[in-house]
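On a predicted model such as this, the values are computed, not experimentally measured, just so you know. Read the numbers this way: they start at 1 and go in the same order the structure lists the ligands and their atoms. Residues take their numbers from the sequence shown, with the count starting at 1.
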Amino acid sequence: FTPVHRSFAEQAGRRPDRALFELPDGRKITYRETADTVARIAARLVADGVTPGDRVAMQVDKSPEAIALYLATLRIGGVFLPLNTAYTGAEMEYFIGDARPRVLVCSPERQADHAHRAGPDLVVETLGTKGDGTLLESEARHDEAVDAAADDPAAILYTSGTTGRSKGAVLTHGNLASNCAALLEAWQFTDRDRLIHALPIFHVHGLFVAANMVLASGASMYYLPKFDADTVVDLLPRATVLMGVPTFYTRLVKHERLTPQACASMRLFVSGSAPLLASDHAAFEARTGHAILERYGMTETGMNTTNPYEGGPRKPGTVGEPLPGTEIRVVDAESGEPLPDGEVGSIEVRGPNVFSGYWQMPEKTAAEFRADGFFITGDLGRVDEDGYLCIVGRGKDLVISGGYNIYPKEIEELLDAHPAVLESAVIGVPHPDFGETVVAVVVPAGGQEPTEAELLRSVAGDLARFKHPRAVRIVDALPRNVMGKVQKAELRKRYQDLFA
Ligand code: ATP
Ligand code: MG
């Protein structure tokens, strides 16, 4: 077992002059330079009093030094805790109070907001996007790495908070290293790859999938502050892999310069973090000749399943098969009994990628694991005739109307297939007779003005009566977070009084 920071150090020794980061201004930062920054930050953290097991929290804009901070934290046995840059006042209060970090690294502009937190137990450091800030003030180096065991904690990552308050998932060195190795193998990712990195680094996708794979393999990345379709299209001819959330692809397919020629050097487009629209999958393939590879993962588990890189079709609407070493099963939510293929049930996962538990929530942790070690993901799905997993939604989004289970995805797929519809979200809202009833929230396709009656008519023929939406609401856009996840809780709130 080789922890990620050691794999990085090995790569830095092997190819010191290789560009690890290429920035939008053309600047390149090599493996050697990054290793030097890691050594300096590690010295600073040690001087701040970080000892193994201490949390190092970071809330900064994306920079190469932020990745060095991550590696430095792991090297000295600290527990890395990246926070969404959008969090402010009360949210930060919660995360800092919950995680009790030894060091908080914030952007120089926010230093004043956090100054009051500094004290005997917490050091506030700053890190800007230009290598500025207190964290890099001194030249001292710390080159020793602690001997991390596979089950030592490496990071606490907070979940996206889609279904409730974010929970801190404690991930071990073994979790990160094993998932990274499984992905490198599954996607044949090597030091020859040049990844377009346009994801945030406070989330599993951008940090533990994208960045870890580059760091551990000795590859290079075009490291962008955020997703911008023009910039990404310009980089495609020099890159080999893009990892994105579905909204990247929704925007790319509309881009006039997205052509097979532009993608000539690309070998892989990955999508995850939220469901990819089947129409985007088809449109992207028509425009580029590339079938987007969709995979499934979560903060607590890293990546669980993937469509095949080769040796089988990449099927839209599915998330493929378990990664090597990971087991997936679909069970009856109540009894925990495995269900036959084709039946919808609770998705559970077991493997070296599965986290050790929620930070300081032993009861919640115990409630989400089965006795045999399977983690209850909270997602619902079924296994199709090829053994591919299909996610039908989250358990919490299931609509129960008059005692019947209704899976929103079934209705969403029918609505999405209507030519006047771009996308849709189906939710349950309180109803005096049925407990809950179905409401469809629909975004029209460009220039289209579908009516409620027309949409209802188009899906009615394919749905049992109890699944018929009782109302359709036409909106300009669905509420989404930065990872492109539709915020159904917000929609439920918006329409909670429709029938009440
Ligand atoms: P919270 O747990 O706080 O409610 P969250 O579950 O959105 O937030 P994440 O860990 O970022 O936080 O997201 C994991 C979830 O994202 C999965 O459980 C699943 O519902 C969804 N997801 C990830 N990849 C896919 C995919 N390819 N298709 C459909 N859903 C996906
Ligand atoms: Mg979750």
When you check the side-chain N and O atoms of Tyr309 and Arg267, is any donor under 3.5 Å from an acceptor? yes
With no hydrogens and no angle check, just 3.5 Å: does a side-chain donor-acceptor pair link Glu368 and Tyr358? no
Looking at ligand 1, does Val319 have a heavy atom less than 4.0 Å from it? yes
For ligand 1, note which part of His203 has a heavy atom under 4.0 Å away: side chain, backbone, both or neither. side chain
Any N/O pair Glu294/ligand 1 closer than 3.5 Å: yes
Below 4.0 angstrom, N of the basic side chain to O of the carboxylate: do Asp384 and Lys315 qualify? yes
Does Arg55 make a cation-pi contact with Phe80 (under 6.0 Å, within 45 degrees of the axis)? no
Got the closest protein heavy atom to atom 30 (N) of ligand 1, with its distance? Pro275 CD, 3.8 Å
Top protein contact for atom 17 (C) of ligand 1, by heavy-atom distance: Asp379 OD2, 3.3 Å
Under 4.0 angstrom from ligand 1, any heavy atom of Lys167? yes
Side chain, backbone, both or neither: which part of Ser160 has a heavy atom under 4.0 Å from ligand 1? both
For Lys396 and ligand 1, answer yes if some heavy atom of the residue is under 4.0 Å from a ligand atom, otherwise no. no
For atom 7 (O) of ligand 1, which protein heavy atom lies nearest, and how many Å away is it? Thr162 OG1, 2.5 Å
Spatial distance of atom CZ (Phe95) from atom CD (Gln59) [nearest 0.5 Å]: 9.5 Å
Looking only at protein heavy atoms, which one is nearest to atom 6 (O) of ligand 1, and how far off is it? Arg394 NH1, 2.9 Å
Separation between OG1 (Thr172) and CG (Asn353), nearest 0.5 Å, reads 10.0 Å
Answer with side chain, backbone, both or neither: which part of Thr163 has a heavy atom less than 4.0 angstrom from an atom of ligand 1? both
Which atoms from ligand 1 have a heavy atom of Thr299 less than 4.0 Å away? 9 (P), 10 (O), 11 (O)
Is it the case that more than 12 heavy atoms not belonging to Arg100 sit under 6.0 Å from its CZ atom? no
Measuring from Ser424:OG to Leu414:CG, what's the distance to the nearest 0.5 Å? 9.0 Å
Nearest protein heavy atom to atom 25 (C) of ligand 1, by residue and atom, and its distance? Ala274 N, 3.7 Å
Can you tell me the protein heavy atom closest to atom 13 (O) of ligand 1 and the distance? Lys485 NZ, 2.7 Å
Do Arg165 and Tyr94 meet the cation-pi criteria used here (NZ or CZ under 6.0 Å from the six-membered ring centre, within 45° of the axis)? yes
Look at ligand 1 and say whether His205 reaches it with a heavy atom at a distance under 4.0 Å. no
Would you mind checking if Arg117 and Glu93 are paired as a salt bridge, meaning a charged N to carboxylate O distance below 4.0 Å? yes
Nearest protein heavy atom to atom 24 (N) of ligand 1, by residue and atom, and its distance? Ser273 N, 3.2 Å
What residue and heavy atom of the protein are closest to atom 23 (C) of ligand 1, and at what distance? Gly297 O, 3.3 Å
Between Arg295 and ligand 1, does any nitrogen or oxygen pair lie at a separation below 3.5 Å? yes
For Met298, is at least one N or O under 3.5 Å away from an N or O on ligand 1? no
Have Asn84 and Tyr158 got a donor and an acceptor in their side chains that come within less than 3.5 Å? no
Any donor-acceptor N/O pair, Thr326 side chain to Pro322 backbone, under 3.5 Å: no
